[in-house]
Number of protein chains: 2
Amino acid sequence: MSNFGDYLRKVREERRSGDATFSVRQLASRVGVEPSYLSKVERGQQQPPSEKTIAALANELDEDPDVLLALAGKVSGDLQSIIRRRPKLFAELIRQLKDMPDHAVLRLVREVRDGEW
Amino acid sequence: MSNFGDYLRKVREERRSGDATFSVRQLASRVGVEPSYLSKVERGQQQPPSEKTIAALANELDEDPDVLLALAGKVSGDLQSIIRRRPKLFAELIRQLKDMPDHAVLRLVREVRDGEW
DNA sequence: GGTAGTGTGTAGTATATGGTACACGCATGA
DNA sequence: TCATGCGTGTACCATATACTACACACTACC
């Protein structure tokens with residue numbers, strides 16, 4: 001699920017199967033936008049919405065806001081702070097991560113979490 | 001040097017000591033913006049400029065565009081692609097990196113570069 | 001067969017973004 | 001003392017962004 005709109009629609013329809021209030025209209029209303037706008041966002045005919053609206057969507061859908069923000073190409077404050085503190089280092093890291101397979105990244109995350117750093 | 005404007009001014013003044021053509025006016029002219037605008041950007045009174053303008057600045061100042069873009073909070077295409085492909089993984093990695101000391105990140109980069117991954 | 005709910009198309013809009021235009025005051029040097 | 005170059009302040013502006021407003025067509029229920 002590689003883009004914001006598809007992901008949003010998928011999540012909304014999952015919620016909807018359990019709870020009939022997750023129509024485009026209902027969700028848009030609770031989030032505070034027009035249904036036609038939300039519909040276009042889900043189909044990728046609009047750019048992803050503002051961070052405020054994304055946060056509201058995440059809240060209503062009980063989703064991780066960071067994931068939605070990442071999918072929308074809006075980078076979290078944490079990431080910004082890393083970039084600002086060590087830009088060259090970060091650029092280099094990204095260059096390396098680009099060609100790193102999933103299992104390698106997973107191993108890194110595991111090692112870091114287990115305090116090996 | 002933690003923000004775009006300060007960094008830009010520092011680099012420009014370094015170049016200037018060697019070459020008198022690196023005044024605000026001269027650089028702005030070559031980049032194709034107004035000097036007052038460039039001045040405000042350097043002092044942080046304007047948001048960082050567009051990616052196009054940042055690229056032109058990087059070119060004229062012989063700087064790494066990725067670093068300037070990172071400082072400006074504009075994330076590179078490579079990073080976007082990573083985020084889109086593996087958003088949760090990336091969010092987790094960032095959470096870990098946040099508290100990682102410099103030497104740990106450096107070690108990671110070194111290991112990756114040396115093919116240990 | 002009307003009405004209630006569904007998603008969507010089109011047209012328009014307020015505000016933010018990314019600048020321009022031009023003038024001002026300060027140094028420096030001739 | 002005045003021309004030249006420096007950075008900067010103020011006012012304005014064109015375009016893009018992030019939406020709104022409203023109507024339309026389809027389905028299902030009764």
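Letters A, B, ... are given to chains in the order of the sequence lines, protein chains preceding strands, and every chain is numbered from 1.
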TODO: Determine: side-chain N/O of B:Arg43 to OP1/OP2 of D:dG9, distance under 4.0 Å, yes or no.
DONE: yes
Open item on the list: Can you tell me if A:Ser39 touches the phosphate of C:dG9, counting only side-chain N or O atoms and a distance under 4.0 Å to OP1 or OP2?
Closed with: no
- [ ] For a side chain to side chain contact (heavy atoms under 4.5 Å, CB included) with B:Thr53, tell me which candidate from B:Val33, B:Val41, B:Leu38 qualifies.
- [x] B:Val33
TODO: Establish whether the base of D:dG7 is bridged to the side chain of B:Arg25 by a donor-acceptor pair shorter than 3.5 Å.
DONE: yes
TODO: Give the minimum heavy-atom separation between A:Arg30 and A:Thr21, together with the two atoms involved.
DONE: NH1-O, 3.4 Å
TODO: Could you state the atom-to-atom distance from CG of A:Leu27 to C1' of C:dG7 in whole Å?
DONE: 13 Å
Open item on the list: Test your reading of the model: is there a side-chain donor-acceptor pair from A:Arg9 to the backbone of A:Arg43, 3.5 Å cut-off?
Closed with: no
- [ ] Answer yes if the side chains of B:Arg25 and B:Ser29 hold a donor-acceptor pair under 3.5 Å, and no otherwise.
- [x] no
Task: Integer-rounded Å distance: D:dT17 P and A:Glu51 CD - done: 15 Å
- [ ] Take the protein atom CD1 of A:Ile54 and the nucleotide atom P of D:dT17, then report the distance between them rounded to whole Å.
- [x] 15 Å
Open item on the list: Does D:dA18 have its OP1 or OP2 closer than 4.0 Å to a side-chain nitrogen or oxygen of A:Thr53?
Closed with: no
TODO: Take the protein atom CG of B:Leu38 and the nucleotide atom P of C:dT20, then report the distance between them rounded to whole Å.
DONE: 11 Å
Task: Option among B:Glu63, B:Glu60, B:Lys10 that satisfies the side chain to side chain contact (heavy atoms under 4.5 Å, CB included) test with B:Arg15 - done: B:Glu63
Open item on the list: At less than 4.0 Å, is any side-chain N or O atom of A:Gln45 found next to OP1 or OP2 of C:dG9? Yes or no.
Closed with: yes
Open item on the list: On the nucleotide D:dG7, are OP1 or OP2 found under 4.0 Å from the side-chain N or O atoms that B:Arg9 carries?
Closed with: no
TODO: Could you state the atom-to-atom distance from CD of A:Gln46 to P of C:dT10 in whole Å?
DONE: 13 Å
TODO: Answer yes or no: does a side-chain N or O of A:Tyr37 lie under 4.0 Å from OP1 or OP2 of D:dC19?
DONE: yes
- [ ] Grab the CD-C1' distance between B:Glu42 and D:dT8 for me, whole Å please.
- [x] 11 Å
Task: Distance, rounded to the nearest Å, where A:Lys40 contributes NZ and D:dC24 contributes C1' - done: 14 Å
- [ ] Could you check how far CD of B:Glu34 sits from C1' of D:dT10, rounded to whole Å?
- [x] 14 Å
Task: Nucleotide nearest A:Ser23 when distance is taken to its side chain, options C:dG7, D:dA18, D:dT8 - done: C:dG7
Task: N/O (side chain, A:Arg12) to phosphate O (OP1/OP2, C:dT6) under 4.0 Å - done: no
Open item on the list: For a quick check, tell me whether the side chain of A:Ser36 and the base of D:dA21 share a donor-acceptor pair closer than 3.5 Å.
Closed with: yes
